[in-house]
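Working notes, structure below.
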Amino acid sequence: MPLFPGGNPRTSGHLISAADLTRDDAVRILDTAEEMARLADRPIKKLPALRGRTIVNLFFEDSTRTRISFEAAEKRLSADVINFAAKGSSVSKGESLKDTAQTLEAMGVDAVVIRHGASGAPYRLATSGWIDAAVVNAGDGTHQHPTQALLDAFTMRRRLIGPDAGLGRDLAGRRITIVGDILHSRVARSNVDLLNTLGAQVTLVAPPTLLPVGVEGWPCEVSYDLDAVLPKSDAVMMLRVQRERMNAAFFPTEREYSRRYGLDVQRMERMPEHAVVMHPGPMVRGMEITAEVADSGRCTVTEQVANGVSIRMAVLYLLLGGSEHAGGSGNTATGTAETAATTGTAARTEEK
Ligand code: NCD
């Protein structure tokens, strides 16, 4: 019986929403990702854990880092990888998600990583009975992007507590500020859910037009004054204004937006010395973040990309390779990753 994620029986065995993760699930993923990150320091960055398993990356929406990151994670775990981009496929001939899914099922895939413009598409795929494969949501509409929230939490735990000191720990009491286009952001929604589960206090800062209806019911604070919130933040996450999802004018001009909600060096100096600047990418330099801030040592954007590979390895490992251990303690999963790392060395020698 798959017990991961543990917070929602309907989607257990899949990763659809950050809200489905219990605190223990989340900490187990972060700890497993620490084990996976150690691999990145080795000359041969490969484990045999998912050898013989097939994973399809089903991308119906544009993506650079998420798609590459999943692919790198799958290859590092020795899975067979099939990349599917909707452009150039039968989807442009009108094929439905159901038919695409059943085609993949007929090919015997073990996991489907899906990015889709429609909120809810990964949930539908996981719960419809169309396929048996594990489904991992790589971003659906304005709904969820759980592996992004996990890699953000991993980056914060490393920076604010430390890679070793952070093991087994959550983000209790840390103050995280998320700034920008909350309305259209699946990254913001996933982060609010996960950070709340991990015990952090979240504040959203945005123009009123870029906050969703019902935000007062979310487990976070809301502010319109970035300068007032910065000194009380341990991490500040800047979001891109998602023009592709906008059908109206949400603010007067780009200049006005940057002046009130953009992060420049003067603003960054209001943050406590230990605080970090985060961004999921892609950044629009000069809009939500200036080039100086983006290139400063306090900005974790490239670290987030590197950490994304470790997080996706951990998720796929726990869903596919380590599922029989998922019911055990976090240590069991981590221990298994360690064992896999050791076996990896043996397998590599054998492969030469
Ligand atoms: C984000 C996304 O696609 O949701 N990017 C990402 O996955 N790294 C955010 C964005 O597009 O602005």
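Predicted model only: the values in this text are computed from it and were never measured.
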Point to revise | Check: Phe250 ring centre within less than 6.0 Å of His184 ring centre | key: yes
Check your understanding: Have Arg312 and Thr147 got a donor and an acceptor in their side chains that come within less than 3.5 Å?
Key -> yes
**Study point:** Short side-chain donor-acceptor distance under 3.5 Å, Tyr224 and Arg260
**Key:** no
**Study point:** Between Thr155 and Glu303: side-chain donor-acceptor atoms closer than 3.5 Å
**Key:** no
Review point. Does a side-chain N-to-carboxylate-O contact under 4.0 Å join Glu71 and Arg67?
Key: yes
Review point. Is the shortest heavy-atom distance from the side chain of Asp264 to the side chain of Met268 under 4.5 Å?
Key: no
Check your understanding: Cut-off 3.5 Å, side chains only: do His145 and Arg115 have a donor facing an acceptor?
Key -> yes
Practice item. Look at the side chain of Asn137 and the backbone N and O of Pro122, then say whether any donor-acceptor pair between them is shorter than 3.5 Å. Key: no
**Study point:** Side chains of Asp140 and Ile16 in contact at under 4.5 Å (non-hydrogen atoms)
**Key:** no
Exercise for review: Begin with the C-alpha distance, continue with both residues' side-chain angles, and end with the deciding distance and a verdict on salt bridge (charged side-chain N to carboxylate O under 4.0 Å, His left out) for Arg245 and Glu61.
Suggested key: CA-CA 12 Å; Arg245 297 190 208 279; Glu61 234 192 30; 3.1 Å; yes
Check your understanding: Is there a donor-acceptor pair closer than 3.5 Å between any side-chain N or O of Arg186 and the backbone N or O of Gly141?
Key -> yes
Check your understanding: Going by distance alone, is a donor N or O of one side chain under 3.5 Å from an acceptor N or O of the other, for Ser96 and Asp99?
Key -> yes
Practice item. Would you kindly say whether Gln201 and Asn196 are connected by a side-chain donor-acceptor distance under 3.5 Å? Key: no
Point to revise | Under 3.5 Å: donor-acceptor pair, side chain of Arg53, backbone of Asp80 | key: no
Would you tabulate the side-chain donor-acceptor contacts of residues 271-283 under 3.5 Å, counting partners in other chains and residues two or more places apart, or write 'none'?
unit_1, atom_1, unit_2, atom_2, d
His274, NE2, Asp234, OD1, 2.6
His279, ND1, Gly281, N, 2.9
His279, NE2, Glu288, OE2, 2.7

Check your understanding: If you draw a 6.0 Å radius around CD in Gln102, do more than 12 non-hydrogen atoms from other residues or ligands fall strictly inside?
Key -> yes
Review point. Do other residues, nucleotides or ligands put more than 12 heavy atoms under 6.0 Å from the CZ atom of Arg298?
Key: yes
